[in-house]
Amino acid sequence: MRRREFITLIGGGVVAWPLAARAQQQALPMVGFLHSQSPNLYSPMVAAFREGLRESGYVEGQNVAVEYRWAKTRAID
């Protein structure tokens with residue numbers, strides 16, 4: 001193999017390596033938060049829930065994902 005071909009081969013691997021490493025991100029753990037009230041009425045409790053997560057070492061969006069669902073006092077058919 002000639003020197004130029006070798007340098008091209010190594011250079012291509014170096015360029016592709018960060019792209020491959022970035023593509024293998026781990027999925028965040030998901031926590032579901034379900035309540036029957038409106039989020040406006042329940043906002044102090046949501047703040048306390050987030051604080052409890054932080055005290056446990058979880059930061060929303062960094063190492064845990066939280067999905068919020070609100071029924072807003074609608075009846076289930």
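Values in this document were obtained by computation on a predicted structure and should not be read as measured data.
By the side chain to side chain contact (heavy atoms under 4.5 Å, CB included) test, Leu53 pairs with Phe49, Tyr58, Val66, sequence neighbours left out. Glu55 is linked by a side chain to side chain contact (heavy atoms under 4.5 Å, CB included) to Glu51, counting only residues two or more places apart in sequence or in another chain. Here Gln62 pairs with nothing under the side chain to side chain donor-acceptor pair (under 3.5 Å) rule; sequence neighbours left out.
Taking hydrophobic clusters as Ile, Leu, Val, Met, Phe, Trp and Tyr residues chained together by side-chain heavy-atom distances below 4.5 Å, Tyr68 shares a cluster with Met45.
Pairs of residues two or more places apart, or lying in two chains, that qualify as salt bridge (charged side-chain N to carboxylate O under 4.0 Å, His left out) and include a residue from residues 34-50 are Arg50-Glu60.
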task = Carefully, step by step, assess Val64 and Val59 under the rule side chain to side chain contact (heavy atoms under 4.5 Å, CB included).
result = CA-CA 6 Å; Val64 69; Val59 178; over 6 Å; no
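Ring geometry, Phe33 versus Trp70: the interplanar angle falls from 30° to 60°, so the pair is classed tilted.
Panel note: side chain Asn63, backbone Pro29; no donor-acceptor pair is recorded below 3.5 Å.
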